[in-house]
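Bear in mind that the values here come from a model prediction, so they are computed numbers and not experimental data. When reading the values below, keep in mind they use all heavy atoms of this one structure, side chains included, and skip hydrogens, waters and symmetry mates.
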Amino acid sequence: MRKTTKTKTSKRSGQPGDDDRTKRVKARKQLRAWLTRFGKGEIKLQTEGDVEQQAKRLISLVRKTHSQSSSAAHRRFKEIAAAVDDQIGLIDQSEKHMKMLFERLIRAAELEVDVLCPWAHLLPELEYSSKQLAVANALWHFNKDLADEWTLPLGDFARTVWGYEEKSLRTIRPAVSKFVKFITSRGVNLKVSVRFREGVYRIDCKLS
């Protein structure tokens with residue numbers, strides 16, 4: 001999750017948020033221009049360095065455009081990532097580099113989480129561990145009531161993290177345990193029980 005900053009008051013107009021609003025409008029125009037140029041093939045991804053440079057630029061513009069809403073930024077990243085995925089093979093860009101850009105956008109989307117998530121501030125540390133980032137977001141995603149205790153279906157969790165339900169306990173349990181150990185070592189007390197027997201397939205979570 002990105003840190004939010006207090007809005008400064010414009011000395012010229014005396015209206016709070018004028019500077020931020022101007023920056024958002026400017027970023028929105030620049031984002032639209034980037035997407036148009038990219039769609040026309042004017043922005044070339046010839047090297048991995050090009051991908052990294054353009055990804056940083058794009059991520060910065062999306063975050064500035066949606067500086068007041070992490071959920072809006074999350075949706076925008078997913079939308080652009082989907083558009084990039086759809087264009088693979090259709091425009092004059094390396095498939096490898098297009099997939100790299102797609103993955104960078106997905107990672108950026110996963111970092112934009114609900115501000116009420118108790119481990120949101122730890123997610124930047126997982127930016128380059130896509131599976132652990134997916135575990136972190138999936139566990140919180142199923143806590144619809146923002147409760148201290150919640151349960152999620154094991155199949156739904158596996159599908160969210162790995163893309164399909166048929167995942168063995170030997171894969172699920174270590175991934176969950178690794179994440180719980182990570183956040184516990186940083187002061188977030190979460191207890192998780194993975195149940196996989198006698199027709200019971202679920203994950204029980206409890207914050208303390």
Side-chain angles (χ1 to χ4, degrees), residues 1-8 17 20 24 55-56 58-60 62-82 103-165 167-197 200-208:
M1 187 195 74
R2 291 174 284 121
K3 293 183 178 180
T4 57
T5 56
K6 293 183 178 179
T7 302
K8 294 182 179 180
D20 284 349
R24 288 196 302 273
K56 286 181 178 179
L58 186 54
I59 290 169
S60 174
V62 171
R63 287 179 172 164
K64 287 177 181 177
T65 298
H66 300 289
S67 61
Q68 292 186 321
S69 173
S70 285
S71 60
H74 174 92
R75 289 193 300 272
R76 192 67 170 133
F77 279 129
K78 286 292 186 71
E79 289 171 0
I80 297 174
E103 290 169 358
R104 286 287 281 114
L105 290 168
I106 291 299
R107 284 203 299 271
E110 297 298 345
L111 288 172
E112 303 294 334
V113 298
D114 193 323
V115 295
L116 298 177
C117 175
W119 51 81
H121 62 292
L122 299 174
L123 295 188
E125 295 184 50
L126 298 175
E127 182 175 1
Y128 294 100
S129 178
S130 59
K131 200 60 62 184
Q132 283 292 288
L133 194 55
V135 168
N137 286 317
L139 287 176
W140 185 250
H141 171 75
F142 287 96
N143 186 7
K144 301 297 185 182
D145 296 325
L146 305 181
D148 290 334
E149 296 184 40
W150 70 100
T151 296
L152 52 148
L154 198 59
D156 290 349
F157 174 77
R159 185 171 59 252
T160 300
V161 176
W162 287 277
Y164 49 91
E165 294 186 18
K167 207 67 182 173
S168 72
L169 187 62
R170 286 180 297 180
T171 300
I172 297 173
R173 181 166 281 158
V176 172
S177 297
K178 181 179 180 180
F179 171 69
V180 172
K181 182 178 180 180
F182 166 74
I183 62 172
T184 299
S185 68
R186 288 159 175 76
V188 179
N189 296 316
L190 175 69
K191 293 181 179 179
V192 174
S193 176
V194 180
R195 303 185 181 277
F196 195 88
R197 64 178 184 276
V200 178
Y201 307 103
R202 70 173 191 256
I203 299 178
D204 296 332
C205 303
K206 182 178 181 179
L207 285 166
S208 59

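In this structure, Ser177 contributes its side chain and Arg173 its backbone to a donor-acceptor pair below 3.5 Å. Checked by atom type and distance alone, the side chain of Arg24 never pairs as donor or acceptor with a backbone atom of His66 at under 3.5 Å.
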> Do Glu125 and Leu122 pass the side-chain contact (heavy atoms from CB on, under 4.5 Å) test, and can you show the C-alpha distance, the side-chain angles, and the key distance before you say yes or no?
Replying inline: CA-CA 6 Å; Glu125 295 184 50; Leu122 299 174; 3.8 Å; yes
>> Is there a side-chain contact (heavy atoms from CB on, under 4.5 Å) between Arg63 and Phe77? Walk through the geometry before answering.
In response: CA-CA 9 Å; Arg63 287 179 172 164; Phe77 279 129; 4.0 Å; yes
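Nearest heavy-atom pair, Phe196 versus Leu154, reported as atom, atom and distance to 0.1 Å: CD1-CD2, 3.0 Å. Listed here is the closest heavy atom pair of Leu152 and Ala138: CD1-O, 4.5 Å. What you find for Ala120 and Pro124 is that their closest heavy atoms are O-CD, 3.8 Å. Taking every heavy atom of both residues into account, Ile203 and Val192 meet most closely at CG2-CG1, 3.4 Å.
The CG atom of Leu58 lies 9.0 Å from the CZ atom of Arg76; values are rounded to the nearest 0.5 Å. Lys206 NZ to Ser193 OG: the interatomic distance, rounded to the nearest 0.5 Å, is 12.0 Å. Atom OG1 of Thr171 sits about 8.5 Å away from atom CG of Leu169, to the nearest 0.5 Å. Here Asp148 contributes atom CG and Ser208 contributes atom OG; the two are 9.0 Å apart, rounded to the nearest 0.5 Å. Leu105 contributes atom CG, which lies 11.5 Å from atom CD of Glu79 (distance to the nearest 0.5 angstrom). Note that CG of Leu207 is 8.5 Å distant from CG of Asn189, once rounded to the nearest 0.5 Å.
Ring to ring, Phe182 and Trp119 are not that close: their centroids are 6.0 angstrom or more apart.
Using a 4.5 Å heavy-atom threshold, the side chains of Leu123 and Asn137 count as touching. At least one side-chain heavy atom of Phe142 sits under 4.5 Å from a side-chain heavy atom of Thr160. Two residues are said to be in side-chain contact when any heavy atoms from C-beta on lie closer than 4.5 Å; Ile172 and Val176 meet this criterion. Looking at Lys131 and Val161, their side chains come closer than 4.5 Å, going by heavy atoms from C-beta outward. Contact annotation: the side chain of Trp150 approaches that of Trp140 to within less than 4.5 Å [non-hydrogen atoms, C-beta and beyond]. Within the 4.5 Å cutoff, side-chain heavy atoms of Cys205 are placed close to those of Leu190. Residues Val62 and Ile80 are in side-chain contact: their nearest non-hydrogen atoms beyond the backbone lie under 4.5 Å apart. Side-chain contact between Arg159 and Tyr164 is absent, with no heavy atoms from C-beta onward closer than 4.5 Å.
Residues passing the side chain to side chain contact (heavy atoms under 4.5 Å, CB included) test with Lys78, sequence neighbours excluded: His74, Ile106, Ala109, Glu110. Among residues two or more places apart in sequence or in another chain, the side chain to side chain donor-acceptor pair (under 3.5 Å) test is passed with Glu149 by none. Residues meeting the side chain to side chain donor-acceptor pair (under 3.5 Å) test with Arg195, sequence neighbours left out: Asp204.
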